[in-house]
Amino acid sequence: SVFGMLEWGGHALDVSGSDEGTAAERPPQCGLCEGREASVSCRQCKVKMCKPCCSRKHSDFPLRQHVIESLEAGSARLCPAHDWEKLTLYSHKARAFGCVKCFQEGSLKGHQGQSLQRAATEVRERLVRDQAALRRRRDGLDAERRVEEEGAAAVG
């Protein structure tokens with residue numbers, strides 16, 4: 001074993017770097033139970049898991065806010081709270097993604113859902129506006145600092 005075992009969330013993860021076949025030849029194993037094939041991955045935890053382990057570990061707050069992605073190529077982000085429905089909506093109020101069931105009966109019930117594409121566009125637009133405002137503020141502070149330095153140099 002090159003690296004050995006890594007402790008994560010009370011579970012030992014094999015990070016030995018074993019070369020028994022290539023990653024393309026064998027499916028990834030669940031990093032928590034090590035007994036099942038991994039089918040999802042948590043972007044924040046950086047762990048590949050089977051759906052049952054992910055449901056147990058990520059169904060409660062704050063881990064429920066983590067981004068769970070399917071390991072299938074090109075697939076959408078998935079909701080661990082609602083039978084792995086696709087996350088298709090965003091709540092600005094909760095600053096959280098959700099599936100349709102989250103907005104109908106779950107933790108985001110009563111929130112206004114917005115399509116992920118529209119929410120991403122709005123966030124990008126807001127970031128551009130905020131960046132411009134910060135540049136203007138920085139330029140104003142730089143001008144104030146120069147005036148103060150010039151005044152101090154004239155007095156001294």
Side-chain angles (χ1 to χ4, degrees), residues 1-139 141:
S1 152
V2 175
F3 299 103
M5 300 299 283
L6 173 70
E7 184 72 22
W8 180 82
H11 297 279
L13 304 178
D14 183 6
V15 290
S16 63
S18 171
D19 59 2
E20 296 175 15
T22 65
E25 294 172 353
R26 64 182 194 282
Q29 294 299 300
C30 176
L32 300 179
C33 71
E34 298 177 3
R36 289 185 284 265
E37 184 178 315
S39 57
V40 297
S41 176
C42 176
R43 184 180 285 179
Q44 287 77 8
C45 297
K46 309 259 190 276
V47 174
K48 294 178 178 137
M49 300 165 271
C50 62
K51 288 181 181 178
C53 284
C54 188
S55 291
R56 275 194 307 278
K57 288 292 184 184
H58 285 79
S59 61
D60 295 324
F61 188 80
L63 295 180
R64 187 171 44 87
Q65 299 299 323
H66 286 190
V67 176
I68 305 299
E69 297 175 314
S70 172
L71 293 178
E72 295 176 19
S75 61
R77 294 179 180 144
L78 306 173
C79 178
H82 294 106
D83 299 320
W84 307 99
E85 295 281 330
K86 289 182 182 180
L87 297 178
T88 56
L89 300 169
Y90 181 76
S91 165
H92 285 283
K93 181 179 179 182
R95 294 183 177 192
F97 299 100
C99 68
V100 172
K101 288 183 180 180
C102 287
F103 284 85
Q104 290 174 341
E105 60 193 43
S107 62
L108 300 174
K109 185 176 181 177
H111 289 222
Q112 182 176 351
Q114 186 175 45
S115 76
L116 297 182
Q117 295 81 7
R118 182 68 197 140
T121 299
E122 286 185 10
V123 167
R124 278 189 216 102
E125 290 170 353
R126 187 173 48 236
L127 286 171
V128 168
R129 285 191 311 269
D130 291 350
Q131 186 179 32
L134 286 169
R135 281 191 186 125
R136 286 190 303 274
R137 180 69 180 138
R138 182 197 60 203
D139 293 346
L141 290 171

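Position 1 is the first residue of the sequence, and the numbers go up from there. Note that the coordinates shown come from a computational prediction; the quantities given were computed from them, not determined experimentally.
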With sequence neighbours left out, what residues match [X] under side chain to side chain donor-acceptor pair (under 3.5 Å)?
| X | result |
| --- | --- |
| Q114 | H92, E122 |
| S107 | R64 |
| R43 | E69 |

Please name the pair of heavy atoms, one in [X] and one in [Y], separated by the smallest distance, quoted to 0.1 Å.
| X | Y | result |
| --- | --- | --- |
| G98 | L108 | CA-CD1, 3.9 Å |
| R36 | Q29 | O-OE1, 3.4 Å |
| L87 | C99 | CD2-N, 3.6 Å |

Find the distance between [atom1] ([X]) and [atom2] ([Y]) and round it off to the nearest 0.5 Å.
| X | Y | atom1 | atom2 | value |
| --- | --- | --- | --- | --- |
| C54 | L32 | SG | CG | 8.5 Å |
| K109 | C102 | NZ | SG | 13.0 Å |
| S55 | I68 | OG | CD1 | 9.0 Å |
| C79 | K86 | SG | NZ | 13.5 Å |
| C30 | E37 | SG | CD | 10.5 Å |
| K48 | C42 | NZ | SG | 12.5 Å |

Pairs in or reaching into residues 93-129: which pass ring pair (Phe, Tyr, Trp, His ring centres under 6.0 Å), with residues at least two apart or in two chains?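 Every pair satisfying ring pair (Phe, Tyr, Trp, His ring centres under 6.0 Å) with a residue in residues 93-129: Y90-F97.
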Which residues pass the side-chain contact (heavy atoms from CB on, under 4.5 Å) test with E105, not counting sequence neighbours?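 Listed in chain order: H82, K101.
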Mind listing the side-chain donor-acceptor pairs of residues 126-134 below 3.5 Å, one per line with the distance, residues two or more places apart or on another chain?
none

